[in-house]
Number of protein chains: 2
Amino acid sequence: MSRQQIVAGAADMIRRRGLNATSIREVAKHAGTPLGSTYHYFPGGKDQLATEAVRWAGDAVSGVLTAKLRKGPVDGMKAFFTLWREVVSENDFQAGCPVVAVSVEETSGREALAAAAEAFTTWSGQLAESLRAHGVTPGRADRLAALVVAAAEGAVAMCRAQRSLQPLDDVATELTALLASAVRT
Amino acid sequence: MSRQQIVAGAADMIRRRGLNATSIREVAKHAGTPLGSTYHYFPGGKDQLATEAVRWAGDAVSGVLTAKLRKGPVDGMKAFFTLWREVVSENDFQAGCPVVAVSVEETSGREALAAAAEAFTTWSGQLAESLRAHGVTPGRADRLAALVVAAAEGAVAMCRAQRSLQPLDDVATELTALLASAVRT
DNA sequence: GTCTATACGAAGATAGAC
DNA sequence: GTCTATCTTCGTATAGAC
């Protein structure tokens with residue numbers, strides 16, 4: 001019951017503070033459960049909790065992509081950027097992507113890092129498949145999909161530092177034009 | 001004399017481990033100076049040290065950009081990607097961009113975050129100016145410059161997680177074509 | 001002015017009481 | 001099975017000996 005809450009809370013704290021600044025103590029407090037419960041649910045300790053948090057966040061984004069890509073790759077890409085735009089703006093530039101946070105910080109175990117890699121692969125794979133389905137050659141579909149994910153993630157970091165949504169909006173504008181022209185070719 | 005070494009060492013550790021996993025203790029040990037010296041040189045504590053480390057890294061990248069942009073925006077962009085490719089590959093996927101690390105993690109003080117914002121602004125500003133000088137309209141120059149920086153930074157994070165240089169190479173390929181076509185227009 | 005020694009708090013993790 | 005209390009280590013920061 002509270003297991004899900006702990007994972008969601010950990011994902012939220014990681015995307016705000018980063019992985020190392022997210023202590024199991026505060027995750028437990030935030031979820032209203034004692035510290036011992038966390039280790040009961042997650043005997044693998046912090047690495048296991050971080051791994052599940054990354055997977056949880058990755059699946060959430062992947063679900064949005066699945067839904068929005070039905071209208072085509074350009075709509076999917078736009079939804080991807082809208083999603084990150086909301087995360088950044090609704091948290092007053094104090095939240096970003098937990099997958100990036102885990103990718104950039106050193107962690108004792110490496111399961112969480114593998115989960116981060118899987119999230120990136122899933123997202124770009126979904127975008128690439130949609131691009132191929134709309135006439136883009138496989139090689140270029142992979143490259144464009146990687147570009148979309150990388151640019152969005154990088155833009156989120158820039159927006160946080162600059163306290164401005166401009167990078168995210170600028171990048172979205174350029175990529176919308178680029179993908180629209182690619183599917184048309 | 002050792003001040004510079006401490007700053008450079010801190011920047012190196014931050015890009016590998018992240019900001020919060022970089023302790024002043026280990027920075028001092030790595031520089032061969034006692035812990036007290038660190039606080040003698042940086043009375044502002046960790047925030048000051050992180051701020052100078054970010055500025056140091058930002059200036060180093062900016063210097064490369066200044067040099068390579070003389071041959072035009074496409075060459076500058078390529079050099080930017082080559083630089084990050086070397087950082088990632090020469091450190092066996094265990095190093096990235098310290099500016100992103102600081103942008104993504106929570107910090108006690110906020111001077112370091114301001115330094116990160118300044119680094120991003122400087123880099124994209126340099127690229128945008130070069131694009132304008134080569135006939136790109138101001139608005140689009142800004143957007144393309146933001147895209148280049150965001151995509152490179154995001155790709156670095158993806159490369160680390162996936163232990164592959166593919167994202168960086170894919171992104172560089174697409175952006176080379178995009179910028180080449182933009183300056184030609 | 002440099003560095004040793006230490007204060008103080010918080011981290012991850014576990015043992016064992018209920 | 002849940003939670004409290006505690007062990008150990010490491011973090012930032014400083015006081016004061018050379």
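Every chain is numbered from 1, with letters handed out A, B, ... down the list of sequences.
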Answer yes or no: does atom CD of A:Q48 have more than 12 heavy-atom neighbours from other residues, nucleotides or ligands under 6.0 Å?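 Enclosed.
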Rounded to the Å, how far apart are [X] [atom1] and [N] [atom2]?
X	N	atom1	atom2	answer
A:L19	C:dG12	CG	P	9 Å
B:M13	D:dC10	CE	P	14 Å
A:F42	D:dG1	CZ	C1'	16 Å
B:Y39	C:dC3	OH	P	16 Å
A:K29	D:dT4	NZ	P	13 Å
A:I6	D:dC3	CD1	P	10 Å
A:R17	C:dA10	CZ	C1'	13 Å

Expected list for residues 175-185 of chain B: side-chain donor-acceptor pairs under 3.5 angstrom, two or more places apart:
| from | atom 1 | to | atom 2 | distance (Å) |
| --- | --- | --- | --- | --- |
| B:T176 | OG1 | B:A172 | O | 2.7 |
| B:T185 | OG1 | B:S181 | O | 2.7 |

Straight-line distance of B:C97 SG to B:E153 CD, nearest 0.5 Å: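 Here the interatomic distance stands at 3.5 Å.
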Would you call A:D47 and A:R110 a salt bridge, using N to O less than 4.0 angstrom?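 Between A:R110 and A:D47 there is no salt bridge, as every charged N stays at least 4.0 Å from the carboxylate O atoms.
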Using a cut-off of 4.0 Å on non-hydrogen atoms, how would the nucleic acid contact of B:T22 be classed: base, sugar-phosphate, or nothing?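 Result for B:T22 = sugar-phosphate.
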Over all strands shown, is B:G45 touching base, sugar-phosphate only, or nothing at heavy-atom distances under 4.0 angstrom?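 Sugar-phosphate contact only.
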Does a nitrogen or oxygen in the side chain of [X] sit under 4.0 Å from OP1 or OP2 of [N]?
X	N	result
A:S23	C:dA11	yes
A:H40	D:dT2	yes
B:S37	C:dT2	no

Heavy atoms from C-beta onward define the side chain here; which of C:dG12, D:dC3, C:dT4 lies closest to that of A:I24?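 Per side-chain heavy atoms of A:I24, the pick is C:dG12.
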Would you indicate which nucleotide in D:dT14, D:dG11, C:dA13 comes nearest to any side-chain atom of A:L35?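 Nearest nucleotide to the side chain: C:dA13.
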Is there a donor-acceptor pair closer than 3.5 Å between any side-chain N or O of B:R17 and the backbone N or O of A:V104?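 Side chain of B:R17 to backbone of A:V104, a donor-acceptor pair under 3.5 Å: no, none is there.
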Of A:R25 and A:P34, whose closest DNA chain D nucleotide lies nearer the 5' terminus?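 Going by which nucleotide is closer to the 5' end, it is A:P34.
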